[in-house]
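Each chain gets a letter, A, B and so on, in the order its sequence line appears, and its residues count up from 1.
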Number of protein chains: 2
Amino acid sequence: MMKPSEFRQIVREGGHTGPTAGICPGYAQANLVILPRELAYDFLLFAQRNPKSCPILEVSDTGSRYLKEIAPGADIAKDIPRYRIYEHGVMTGEYTDVSAFWRDDLVSFLIGCSFSFEGELMEADVSVRHIEEGRNVPMYITNIPCQPAGVFQGNMVVSMRPLPYDQIVKSVLVTGSMPKVHGAPVHIGEPAAIGIRDIHTPDFGDSVTIRPGEVPVFWPCGVTPQAVLMASKPAFAITHAPGHMLVTDVKNVNLKY
Amino acid sequence: MMKPSEFRQIVREGGHTGPTAGICPGYAQANLVILPRELAYDFLLFAQRNPKSCPILEVSDTGSRYLKEIAPGADIAKDIPRYRIYEHGVMTGEYTDVSAFWRDDLVSFLIGCSFSFEGELMEADVSVRHIEEGRNVPMYITNIPCQPAGVFQGNMVVSMRPLPYDQIVKSVLVTGSMPKVHGAPVHIGEPAAIGIRDIHTPDFGDSVTIRPGEVPVFWPCGVTPQAVLMASKPAFAITHAPGHMLVTDVKNVNLKY
């Protein structure tokens with residue numbers, strides 16, 4: 001099996017520009033947000049106050065393109081297959097390499113991703129509907145307020161996976177053991193209780209089948225910090241393109257400790 | 001039993017200026033570090049990179065004396081029985097009220113404390129020697145480097161509790177379930193393995209009895225961020241005086257979730 005460092009080398013050389021789902025199974029993938037230093041304190045504070053929706057795996061040194069912990073030696077400007085650049089909250093381009101845009105005041109935030117707990121759920125024989133159906137996970141904006149921090153505020157975005165009654169407890173225990181990648185569900189059952197009007201019309205991602213007797217289970221979602229960030233219309237930001245993540249050297253199982 | 005908010009009111013009015021050990025049993029107590037905003041990013045980043053020795057429970061809004069999460073309504077400049085002020089790394093005074101020193105650029109960090117996990121250990125019938133002997137916990141500077149962040153760097157400080165063989169596993173499980181208050185031990189056994197030359201001569205606190213057959217068990221200690229902070233000689237900082245903590249509204253048992 002290819003090592004994550006080998007995969008990142010291929011990405012760096014332009015040999016993989018597509019999504020990363022299924023790459024290096026068993027290893028954590030991470031969301032990316034790159035911000036100027038002047039916004040970094042508020043963003044780090046937002047993450048500290050909202051760890052379930054914004055679980056930070058690593059923060060780079062200011063101005064450094066290189067990671068030390070979750071993917072030692074990774075060049076954050078080249079080792080992700082596809083990036084998006086935003087100016088004043090508007091996407092101005094997609095790139096496979098953002099090294100030409102690098103600045104000495106940029107800070108990279110690597111954020112835990114539900115791919116990790118989905119891998120552990122499937123290992124534990126818990127079904128993950130959107131993967132079975134080949135779709136993106138359904139995501140919803142809730143009425144649950146995040147704790148604001150400086151310029152950042154907004155409501156929590158959740159992802160939903162429908163489960164039969166006899167898999168719900170196991171899903172809580174498996175994901176609850178992984179607080180670095182969103183942790184336990186934030187809600188089980190009635191969508192209206194958290195402000196979701198129509199479970200079949202997600203705000204992001206795709207709708208999935210909910211079979212008779214199944215219960216919707218909702219987890220805090222990493223789209224939360226991205227939505228909160230973009231609502232503040234930062235002058236400059238770089239993120240990964242959806243589904244095009246950093247493949248790290250950290251095994252999912254080690255996110256439990 | 002007195003509620004934490006009632007105790008804080010007494011402190012605010014000057015009616016309690018002593019240590020807080022044993023106050024409001026079952027409720028978490030917190031360490032305090034107050035820094036100017038210009039150092040707050042580096043300190044928050046240090047905590048993010050070293051969560052075991054620097055588990056942050058709450059960070060105030062810049063300039064605000066009031067807490068929202070762990071002790072809603074608490075006045076952080078008055079509700080702790082005793083404070084220390086440091087200038088350029090030197091303690092310049094002890095005070096029971098620091099409101100006269102307040103500035104619009106100050107940020108308060110409330111940091112988890114081993115009192116919480118000691119309470120849970122004793123609930124689980126695990127012995128805590130320094131409490132039995134009426135001493136301060138022994139603490140040691142190790143050779144384990146913290147991940148540096150900006151101006152902050154240094155080695156981890158650990159606290160030690162000697163345990164008989166048949167209580168070690170339970171102590172790992174009990175404290176491992178409380179990552180917000182230092183979590184599981186960082187080392188079990190041979191002190192020299194983590195750079196401790198003489199177990200009977202701690203760098204901070206008191207020596208305690210280690211009985212035949214007992215094993216020293218070492219936990220990350222909240223003195224770490226204080227030691228790292230003072231080594232950087234900040235122009236201005238306020239901390240709690242040792243043993244004089246903020247009594248919060250958070251039950252220890254709720255620090256598990």
Visitor: Counting only non-hydrogen atoms closer than 4.5 Å, can you tell me which residues of residues 142-168 of chain B sit against chain A?
Guide: B/Gln147
Visitor: Applying a criterion of heavy atom separation less than 4.5 Å, what residues of residues 48-66 of chain A form contacts with chain B?
Guide: A/Gln48, A/Arg49, A/Ile56, A/Leu57, A/Glu58, A/Val59, A/Ser60, A/Asp61, A/Thr62
Visitor: Of the backbone (N, CA, C, O) and the side chain (C-beta and beyond), which part of A/Ala40 lies under 4.5 Å from a heavy atom of chain B, both, or neither?
Guide: both
Visitor: Around atom NZ of A/Lys170, are there more than 12 heavy atoms of other residues, nucleotides or ligands at under 6.0 Å?
Guide: yes
Visitor: Listed by residue number, which members of residues 113-124 of chain B have a heavy atom under 4.5 Å from any heavy atom of chain A?
Guide: none
Visitor: Does B/Phe7 have any ring-ring contact (aromatic ring centres under 6.0 Å, His included) partners at least two apart in sequence or in another chain, and if so, which?
Guide: B/His16
Visitor: Given B/Tyr41, which partner from the list A/Val107, A/Leu45, A/Asp42 fulfils the side chain to side chain contact (heavy atoms under 4.5 Å, CB included) test?
Guide: A/Val107
Visitor: Determine whether more than 12 heavy atoms belonging to other residues, nucleotides or ligands lie under 6.0 Å from atom NZ of B/Lys256.
Guide: yes
